[in-house]
Protein chains: 2
Amino acid sequence: MKTLYPLSSFNKTELDDFESCFHPIQKTFSRGEIIMRLDEDNGYVGLLRSGTAHLVTTTFDGTKTIIDYFEPGNIFGKRFSPCTQVDPYLVMAKTRCTVQLVDYDRVITCCEKCCKKHIRLIDSMILTMARRAQLHVEVLGKRSIRGKLMSFFYHISRSRGSASFVLPLSLSDLADYISADRSAMMRELKKLNSEKIIVSHSNKVTILKDINV
Amino acid sequence: MKTLYPLSSFNKTELDDFESCFHPIQKTFSRGEIIMRLDEDNGYVGLLRSGTAHLVTTTFDGTKTIIDYFEPGNIFGKRFSPCTQVDPYLVMAKTRCTVQLVDYDRVITCCEKCCKKHIRLIDSMILTMARRAQLHVEVLGKRSIRGKLMSFFYHISRSRGSASFVLPLSLSDLADYISADRSAMMRELKKLNSEKIIVSHSNKVTILKDINV
DNA sequence: AAAAGTCTGTTGCATTTGCAACAAATTCGT
DNA sequence: ACGAATTTGTTGCAAATGCAACAGACTTTT
């Protein structure tokens, strides 16, 4: 396996700094609740402290699409999640979760002391945003479902530092995230298993072989 | 057509501020030259002033993939373009072009005066980065070539404020950017023309109809 | 503990897409 | 202004993918 790849999320120090530097307000949401509407009016940045949440958009016909998924330590909100004027983007609680909210303006404006911590935080937020965008583009950029799956698996494997891992999404949601038909994805998963490239049961995966994707 | 959608690039004021606030050095590159290698060592942020450039990555088998394209007013470089440790990401001159370069640290660190212009610049850079990532994810997220094409066309149309426009990429490069086989894309373009949804000749496109994608 | 809802897993079939290969038009470099 | 390189445009065919539809397992709610 490859070398450890930094997680696209805040570490312990940054989590502490986020609290002490920005003084966020904390809120709890239950499954299915809308944490944030990413539109022009939204001025908040959210930091997920517990649970999982998804960034979803709804198309004309009511189909939901998963743009991004958040785990504890991930940030989202104004500027740190893509947003247009045309389609509604929502951050939605996938499980019960705790979120810390802060005004974007407070984030981007240097504090009186121009403190180093503050600058490091902004940098880290920009970095994680670039990383998550890259992950999705890299995965979606593969022309086959096999390529998308393996690209995503390698990413997760690297970030976890292990060839075995539990997927951060259910298989249904994964199909949505990689923009593939679920049944076609299941078929491909079965093939990958039969060719001994991976071993998987539900959302537990072990990579056996590095293949070119 | 929809309302005007802000361009994912700097406006005149921001271009001026970029120069006066960051004091970039200016360089010229000819077609095919590597402007920047987006790796751990790169500490620069680039602002394209003239010409066009692509963000490309090369896969194991030597295939190039276009991750992003840059036009005058676009920024790229450390933190503002995705970058991993595993794959080489390159910013490459597509035509002869002029670039202004500045240290990322100088961008992210507040200047002595904590000037408003500076903060607005950082904000704008973060915003444009989010927008470009979104565009690509939205386009790649469509399951059919037709969907990808129309999604991209609507975006360009909105950003230009007109139903007629010249594509910012050659058709070959567009196929690459939307991650589709070029011949399959050409076939779909022909269909879109015959169904009178668009009129296109080479890379000049006019949208005739809004369809659900 | 039952019911409702969500998620995994599967199949047949039609359609879309990718691949390979080629010709013609256009653009680029010297 | 010439040749080289790139880009557009096309086709037949095989393979991959999406769609529709269903059954059973697992979770959550009441």
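In what follows, every chain begins at residue 1, and chains take the letters A, B, ... in the order their sequences are listed.
Taking atom CE of residue B:M92 and atom P of nucleotide D:dT6, one finds them 12 Å apart after rounding to whole Å. Protein atom CG of B:D181 is 14 Å distant from nucleotide atom P of D:dT8, rounded to whole Å. Straight-line distance from the CE atom of A:M186 to the C1' atom of D:dC19: 16 Å, rounded to whole Å. Counting to the nearest Å, the C1' atom of D:dT17 and the NZ atom of A:K142 are 19 Å from each other. Atom CZ of A:R31 and atom C1' of D:dT30 are 16 Å apart (whole Å). Rounded to an integer number of Å, the gap from NE2 of B:H201 to C1' of D:dT8 is 13 Å. As rounded to whole Å, 14 Å separates atom C1' of D:dT10 from atom CG of B:L171.
A pairwise comparison of heavy atoms in B:A53 and B:L48 identifies N-CD2, 4.0 Å as the closest pair. Of all heavy-atom pairs spanning B:L171 and B:M185, the tightest one is O-CE, 3.2 Å.
Residue B:K94 is classed as a sugar-phosphate contact, given heavy-atom separations below 4.0 Å to backbone atoms only. Note on B:R182: a base of the nucleic acid sits closer than 4.0 angstrom, heavy atoms only. Base contact: B:S172 has a heavy atom under 4.0 Å from a base atom. Residue contacts for B:S183: at a heavy-atom cut-off of 4.0 Å it reaches a base atom on one of the strands shown.
With hydrogens and angles left out, the side-chain atoms of A:N203 and A:S170 include no donor and acceptor closer than 3.5 Å.
Toward the 5' end of DNA chain D, the nearer of the two residues B:N203 and A:A184, judged by each one's closest nucleotide, is B:N203. Summary of the strand contacts: A:R143 and A:S202 both lie near DNA chain C, and taking for each the nucleotide with the nearest heavy atom, the more 5' one is attributed to A:S202.
Not a single donor-acceptor pair, N or O on each side, falls under 3.5 Å between the base of D:dG9 and the side chain of B:R187.
Contact footprint of chain A on DNA chain C: nucleotides with an atom under 4.0 Å from a non-hydrogen protein atom, first to last in 5' to 3' order, C:dT6 to C:dC19.
Cation-pi geometry between B:R132 and B:Y69 is met: under 6.0 angstrom from the ring centre, within 45 degrees of the axis.
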Inset, instruction - Apply side chain to side chain contact (heavy atoms under 4.5 Å, CB included) to the pair B:R37 and B:N42, showing each step before the final yes or no. - result: CA-CA 7 Å; B:R37 228 172 262 280; B:N42 172 59; 5.8 Å; no

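Among B:L101, B:V99, B:L15, B:N74, the one residue that satisfies the side chain to side chain contact (heavy atoms under 4.5 Å, CB included) test with B:L47 is B:L15.
Using a 4.0 Å cut-off between a side-chain N of Lys or Arg and a carboxylate O of Asp or Glu, B:K27 and B:E33 do not qualify as a salt bridge.
Within residues 188-199 of chain B, the residues that place at least one heavy atom under 4.0 Å from DNA chain D are, in residue-number order, B:K190.
Taking the ring-ring contact (aromatic ring centres under 6.0 Å, His included) definition, one finds that A:F76 meets it with A:F70, sequence neighbours left out.
More than 12 non-hydrogen atoms from other residues, nucleotides or ligands lie less than 6.0 angstrom from CZ of A:R143.
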